[in-house]
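Just so you know, these numbers come straight off a predicted model, no measurement behind them. Here is the naming used below: chain letters follow the sequence lines, and residue numbers restart at 1 for every chain.
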Protein chains: 2
Amino acid sequence: MLTNMSTSLHHRAIEHLGTRIVGGSLPTGHVMLAEQLEDELKVSRSVVREAVRVLQSLGLVETTKRVGIRVLPPHRWNPFDPQVIRWRLASDGRGAQLRSLAELRSAVEPVAAELAAVNAPDDLRRELLEVSLAMRDAGQAGDVPRFLELDIQFHSLLLSGSGNEMFANLVGQVAETLTGRTVHGLMPDRPRDVVLQWHLDVAKAIFTGDAAEAREASSMIMRQTISEMEPVWMEQPRVFVPVPRR
Amino acid sequence: MLTNMSTSLHHRAIEHLGTRIVGGSLPTGHVMLAEQLEDELKVSRSVVREAVRVLQSLGLVETTKRVGIRVLPPHRWNPFDPQVIRWRLASDGRGAQLRSLAELRSAVEPVAAELAAVNAPDDLRRELLEVSLAMRDAGQAGDVPRFLELDIQFHSLLLSGSGNEMFANLVGQVAETLTGRTVHGLMPDRPRDVVLQWHLDVAKAIFTGDAAEAREASSMIMRQTISEMEPVWMEQPRVFVPVPRR
DNA sequence: TGACACCGATGTGTGCTGACATCAAAACTC
DNA sequence: GAGTTTTGATGTCAGCACACATCGGTGTCA
């Protein structure tokens with residue numbers, strides 16, 4: 001066996017194929033043979049087979065006897081899988097992916113805020129309040145990296161505090177969205193005062209258990225976020241997936 | 001080899017382990033050995049290894065050298081994976097799963113309606129209108145199975161029409177929620193007239209491009225749905241996942 | 001004598017390989 | 001054109017070499 005290095009062969013194989021499929025260099029309908037992948041990746045059958053099985057479970061490929069490994073169309077991919085999202089963010093589909101995530105956030109966060117106001121444990125409410133205060137300080141001081149860190153912290157706490165496991169699972173994706181925004185230079189040097197105030201409003205409302213106010217303030221943040229990020233995906237066309245007939 | 005039957009060994013192995021882990025009979029921290037699974041499932045190592053790799057990508061287990069295959073805690077499971085959701089719906093966690101899905105719907109659908117009013121292609125708007133009319137007829141006639149079918153159709157069109165691939169991907173889960181509601185006997189024999197009216201309102205608003213009205217009417221439906229389904233998960237405790245520190 | 005650091009044995013996942021089974025597409029026969 | 005055979009790919013199996021985390025024994029030092 002050749003030098004295996006840090007990451008496992010299995011992981012590397014998945015990464016290699018995943019990026020190529022999602023990136024588009026292996027187009028929909030493209031057929032590969034397992035043996036051919038062995039040669040290409042210089043790994044054994046077991047590695048290829050295990051990698052293909054994982055990609056199959058993500059909806060990226062299907063295997064058919066007598067045919068081979070076929071790349072499936074994008075609408076078959078599991079759009080909620082963290083790996084798929086990561087691969088898309090690293091590809092041309094980055095804009096469309098960020099739009100999807102931003103819209104998902106804009107849907108989920110106000111409801112999460114509402115739920116957190118009703119259900120969140122006390123220490124989490126307190127921490128949320130502290131973070132929102134720290135955000136104000138960092139924001140007014142123009143400390144962008146610190147602000148980003150706290151921003152992620154804030155929204156993570158909010159989503160976790162909802163007590164909905166699906167919402168809580170979106171923290172990773174939200175972090176991607178937020179960092180993506182700064183990376184794209186879409187953040188003003190100094191966050192707007194209203195945005196800081198809205199974050200404070202959300203934290204206070206959750207602290208006092210005011211669900212309606214929490215939702216409202218969160219909606220404001222989301223509206224602002226979307227309008228700031230819109231340039232990223234402006235030219236990206238929307239795709240309408242056919243609804244499965246029965 | 002014993003009779004292998006319709007589904008592949010690989011699929012059966014995944015199903016076997018997935019149901020047991022999600023169902024709780026293999027508790028968090030439980031450690032299995034690959035060899036032991038071979039004996040238990042009466043399959044070879046490759047089948048076990050490929051199945052374990054898939055479960056690993058779903059966050060259900062992790063493998064450590066010298067230790068074995070360890071079952072991970074529920075908060076590490078990918079809550080958006082269709083398989084995981086299916087396993088949970090078939091287990092004790094059914095109530096909590098339905099709550100998560102219902103809350104997700106209640107967050108997403110109003111936003112999807114808003115987006116559909118802006119972006120949906122014309123034929124989809126037309127179809128949505130037709131379906132909402134058919135729903136009214138089936139509802140008033142008390143034809144429950146037909147109503148359920150149309151209801152699923154309606155919400156699928158709505159989610160697809162948003163042009164957001166993540167929203168569109170939720171059709172399967174929404175269908176589960178809706179069927180789950182009838183299965184649990186939570187649907188009145190004859191859907192309330194207001195609900196039928198709200199569905200018509202959503203369809204009309206999307207048809208005429210009135211985003212705000214589409215959102216509002218959709219919110220009403222969601223509010224009603226949640227309140228109808230609440231009994232299912234009343235006694236289920238909420239789980240608060242620790243937010244990952246950096 | 002007791003505490004601690006070191007180190008080698010052990011067991012288990014990782015990776016590789018050759019062989020056979022299965023099954024569906026494609027080619028062939030009638 | 002329908003039915004049959006062939007073919008070629010994945011599916012499944014079993015055995016091996018290797019890497020490496022853990023455990024327990026050994027040695028050193030106080």
Side-chain angles (χ1 to χ4, degrees), chain A residues 1-18 20-21 26-73 76 83, chain B residues 1-18 20-21 26-73 76 83:
Chain A
M1 180 177 60
L2 296 183
T3 58
N4 97 6
M5 293 292 97
S6 52
T7 59
S8 68
L9 295 180
H10 173 69
H11 184 74
R12 289 200 315 183
I14 289 182
E15 208 62 23
H16 178 91
L17 290 172
R20 293 195 133 198
I21 292 172
L26 295 175
T28 298
H30 180 82
V31 173
M32 299 163 292
L33 271 40
E35 194 183 347
Q36 159 195 343
L37 291 177
E38 294 173 33
D39 297 346
E40 194 177 323
L41 302 176
K42 296 280 188 292
V43 294
S44 72
R45 280 211 307 284
S46 39
V47 174
V48 168
R49 288 180 50 83
E50 287 163 27
V52 167
R53 280 268 140 92
V54 171
L55 296 176
Q56 198 176 20
S57 86
L58 300 181
L60 263 60
V61 301
E62 72 180 355
T63 61
T64 315
K65 281 188 179 180
R66 173 77 196 186
V67 174
I69 302 151
R70 186 184 291 117
V71 176
L72 291 174
R76 296 283 301 276
Q83 291 189 107
Chain B
M1 177 179 58
L2 296 183
T3 59
N4 97 8
M5 293 291 97
S6 51
T7 58
S8 69
L9 294 181
H10 173 69
H11 185 74
R12 289 199 317 181
I14 290 181
E15 208 64 22
H16 178 91
L17 291 172
R20 294 195 134 201
I21 293 172
L26 295 175
T28 298
H30 180 84
V31 173
M32 299 163 292
L33 271 40
E35 192 183 347
Q36 160 194 343
L37 291 177
E38 295 173 32
D39 297 346
E40 195 178 322
L41 302 176
K42 298 279 187 289
V43 294
S44 73
R45 280 188 46 201
S46 35
V47 175
V48 169
R49 286 180 46 172
E50 287 162 25
V52 167
R53 279 268 141 88
V54 171
L55 296 176
Q56 198 175 23
S57 86
L58 299 182
L60 263 60
V61 301
E62 71 179 357
T63 61
T64 317
K65 280 188 178 178
R66 173 71 200 181
V67 174
I69 301 152
R70 185 185 291 119
V71 176
L72 291 175
R76 296 284 301 276
Q83 292 189 106

Any idea which heavy atoms bring [X] and [Y] closest together, and the distance?
{"X": "B/Val31", "Y": "B/Gly68", "result": "CG1-CA, 4.1 Å"}
{"X": "A/Pro73", "Y": "A/Thr28", "result": "CA-OG1, 3.4 Å"}
{"X": "B/Gly59", "Y": "B/Leu72", "result": "O-CD1, 3.4 Å"}

(message) Which residues in residues 53-64 of chain B have a heavy atom closer than 4.0 Å to any atom of DNA chain C?
(response) B/Arg53, B/Thr63, B/Thr64
Do the side chains of [Y] and [X] get nearer than 4.5 Å, heavy atoms only?
{"X": "B/Ile21", "Y": "B/Val61", "answer": "yes"}
{"X": "B/Met32", "Y": "B/Val52", "answer": "no"}
{"X": "A/Leu60", "Y": "A/Leu17", "answer": "no"}
{"X": "A/Ile69", "Y": "A/Leu37", "answer": "yes"}

(request) Kindly check if the number of other-residue, nucleotide or ligand heavy atoms within 6.0 Å of CD (B/Gln36) is above 12? (result)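 Yes, because the 6.0 Å sphere around CD of B/Gln36 holds more than 12 heavy atoms from other groups.
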(request) Please figure out whether A/Glu50 or B/Val67 has its closest DNA chain C nucleotide nearer the 5' end. (result)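 Going by which nucleotide is closer to the 5' end, it is B/Val67.
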(message) Let me spell it out: for each of A/Val43 and A/Arg66, pick the nucleotide of DNA chain C with the closest heavy atom. Which residue's pick is nearer the 5' end?
(response)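 Here A/Val43 is the residue nearer the 5' end.
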(request) Decide yes or no, distance alone: a donor-acceptor N/O pair under 3.5 angstrom between the base of C/dT22 and the side-chain of A/Lys65. (result) yes
(message) Regarding C/dG13, can its base be found pairing with the side chain of B/Arg45 as donor and acceptor, where the two atoms are less than 3.5 Å apart?
(response) no
Between [X] ([atom1]) and [N] ([atom2]), how many Å, whole number?
{"X": "B/His10", "N": "C/dA21", "atom1": "NE2", "atom2": "C1'", "answer": "18 Å"}
{"X": "B/Ile69", "N": "C/dT14", "atom1": "CD1", "atom2": "P", "answer": "8 Å"}
{"X": "B/Leu9", "N": "C/dT22", "atom1": "CG", "atom2": "P", "answer": "11 Å"}

(request) Would you mind telling me which of D/dT12, C/dG15, D/dT22 lies closest to the side-chain atoms of A/Ser46? (result) C/dG15
(request) May I ask you to verify if any side-chain N or O of A/Arg49 is less than 4.0 angstrom from the OP1 or OP2 atom of D/dG11? (result) yes
(request) Look at B/Ser44 and D/dC13 and indicate whether a side-chain polar atom (N or O) is within less than 4.0 Å of OP1 or OP2. (result)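 For D/dC13, OP1/OP2 do have a side-chain N/O of B/Ser44 under 4.0 Å.
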(message) The criterion is salt bridge (Lys or Arg N to Asp or Glu O under 4.0 Å); which residues satisfy it with B/Glu50, sequence neighbours excluded?
(response) A/Arg49, A/Arg53
(message) Just to be sure I understand the geometry, which residues of residues 29-39 of chain A put a non-hydrogen atom under 4.0 Å away from DNA chain D?
(response) A/Leu33, A/Ala34
